[in-house]
J.: 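Just dropping this structure here.
Labels below follow one simple rule: chain letters A, B, ... track the order of the sequence lines, proteins then strands, and each chain is numbered from 1.
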Protein chains: 2
Amino acid sequence: MKLTTKGRYAVTAMMDLALHAKIGCVSLVDVSERQNISLAYLEQLFRSLKKSGLVNSIRGAKGGYMLAKGDKEISLADILVAADEQINLACGGSACSENTPCLTHGLWTNLSNQFYEFLDSKSLNDLVKSRDVQTMATMQDVTQIGNIPVQISK
Amino acid sequence: MKLTTKGRYAVTAMMDLALHAKIGCVSLVDVSERQNISLAYLEQLFRSLKKSGLVNSIRGAKGGYMLAKGDKEISLADILVAADEQINLACGGSACSENTPCLTHGLWTNLSNQFYEFLDSKSLNDLVKSRDVQTMATMQDVTQIGNIPVQISK
DNA sequence: CCGATACCCGAGTAAATCACTCAGGTTTTA
DNA sequence: TAAAACCTGAGTGATTTACTCGGGTATCGG
């Protein structure tokens, strides 16, 4: 039971967008530097996020990404699902088919649903509000000399 | 967020033991046939379960495995952990080290703990009691001509 | 209008993990 | 003593992961 880094990165990146929502749109270069994630990987990731309608993009210089909905309308589950992170513990292999389900088939679908409910109950806003994240975020912005709008030299 | 088949098999197998606890010990051949899991794989799996103290074994003909504790003392979490199924969604890669944790580090350790609590609150007995499992189990035993104690011919 | 910035896209790939299998044991019972 | 069963280490093909690469195309400032 583990999460792929893709799912984890997706949540991190979405939080970054949420934290800098006031600026308008955020470039992946910024996200990459702040969150320490490879740019190429982020681009690939944001394709999925966009396809799922979680973010909008603006092309060209001064472009970037922004949340397609409000903070509170996006859940952890939404993000994970968008990042191909299926929240499904159930079986689909050889030992368990539709007509001859295994002993635990019901159990896992049940648990999966409960996990989904749980993850769907946490909004991006909930996450961003947390004290932990707030302090980390300001630290990140300060480290970025000059903060966001200016950014003169490399 | 998915479960490996190893974890799933472990739970299935443990439930099989629990369901046939009255017989004394259960051979892996029986479990293999009833639950449709490769014998060799089960043997490998039961090494882990034994090492973790969840089952005891009796060697030789008429031998087999049995639960090392009561139904109610064994949790889903216990079984999954024994089957090398770590219940940990947190990061440990490049983007996130101890001194420079990523934005979401706290979030994932938090979630992991909640998941663990949840899985630890479900005992093997809880699972076995469920209507679903009961009916499936009797079906499995009936299909096995002659049921458990007798088992004359192959 | 040109070059820099940034999004967009398909494909490829090394490393890791998974889901097993195999080939041998050793112990116990009938 | 043969069969049943547990025990063990090692190997392996397939799949998935976590990326990278090499090209685009749109937009803005000068």
J.: Do B:Leu54 and B:Ile58 sit in the same hydrophobic cluster, where Ile, Leu, Val, Met, Phe, Trp and Tyr count as joined when their side-chain heavy atoms come under 4.5 Å apart?
T.: no
J.: Which pairs, with at least one residue in residues 65-84 of chain A and sequence neighbours excluded, count as a side-chain hydrogen bond (donor to acceptor under 3.5 Å, both in side chains)?
T.: A:Lys6-A:Asp84, A:Asp71-A:Asn125, A:Ser75-A:Asp78, A:Ser75-A:Asp120
J.: Each nucleotide in nucleotides 7-14 of chain C should get exactly one letter: B, S or -. Can you fill that in based on protein heavy atoms under 4.0 Å?
T.: BBBBB---
J.: Without decimals, in angstroms, what is the distance between A:Leu3 CG and D:dT17 P?
T.: 11 Å
J.: Nearest whole Å is fine: how far is C:dT17 P from B:Lys6 NZ?
T.: 13 Å
J.: B:Leu42 CG to D:dA5 P: how many Å, rounded?
T.: 14 Å
J.: Ignoring hydrogens and angles, tell me if any N or O in the side chain of A:Gln35 forms a donor-acceptor pair with the backbone of A:Asp16 under 3.5 Å.
T.: no
J.: Going by the rule ring pair (Phe, Tyr, Trp, His ring centres under 6.0 Å), which residues pair with A:Tyr41 if we only count those two or more places apart in sequence or in a different chain?
T.: A:Tyr9
J.: Please determine if a side-chain N or O atom of B:Lys2 lies less than 4.0 Å away from the OP1 or OP2 oxygen of D:dT15.
T.: no
J.: Please state how far atom CD in B:Glu85 lies from atom P in C:dT17, giving the value in whole angstrom units.
T.: 13 Å
J.: For B:Lys129, enumerate each residue passing the salt bridge (charged side-chain N to carboxylate O under 4.0 Å, His left out) test, keeping only those at least two apart in sequence or located in another chain.
T.: B:Asp126
J.: side-chain hydrogen bond (donor to acceptor under 3.5 Å, both in side chains): which pairs involve residues 52-61 of chain A, sequence neighbours left out?
T.: A:Lys50-A:Ser57
J.: Rounding to an integer number of Å, can you tell me how far A:Gln86 CD sits from D:dT17 C1'?
T.: 14 Å
J.: In whole angstrom, what separates B:Met1's CE from D:dT16's C1'?
T.: 17 Å
J.: Which comes earlier along DNA chain D counting from the 5' end, the contact point of A:Ala61 or that of A:Thr4, where each point is its nearest nucleotide?
T.: A:Thr4
J.: At 4.0 Å (heavy atoms only), tell me whether A:Lys51 reaches a base, stays on the sugar-phosphate, or touches nothing.
T.: nothing
J.: Would you indicate, yes or no, if C:dC18 has its OP1 or OP2 atom less than 4.0 angstrom from a side-chain nitrogen or oxygen of B:Tyr41?
T.: no
J.: Within the pair B:Thr5 and C:dA19, is there a side-chain N or O less than 4.0 Å away from OP1 or OP2?
T.: yes
J.: What is the distance, rounded to the nearest whole Å, between atom CZ of B:Arg8 and atom P of C:dA19?
T.: 8 Å
J.: Please identify each residue that fulfils side-chain hydrogen bond (donor to acceptor under 3.5 Å, both in side chains) with A:Thr104, with sequence neighbours left out.
T.: A:Trp108, B:Thr12
J.: For the pair made of CD in A:Glu33 and P in C:dT5, what is the distance, rounded to whole Å?
T.: 12 Å
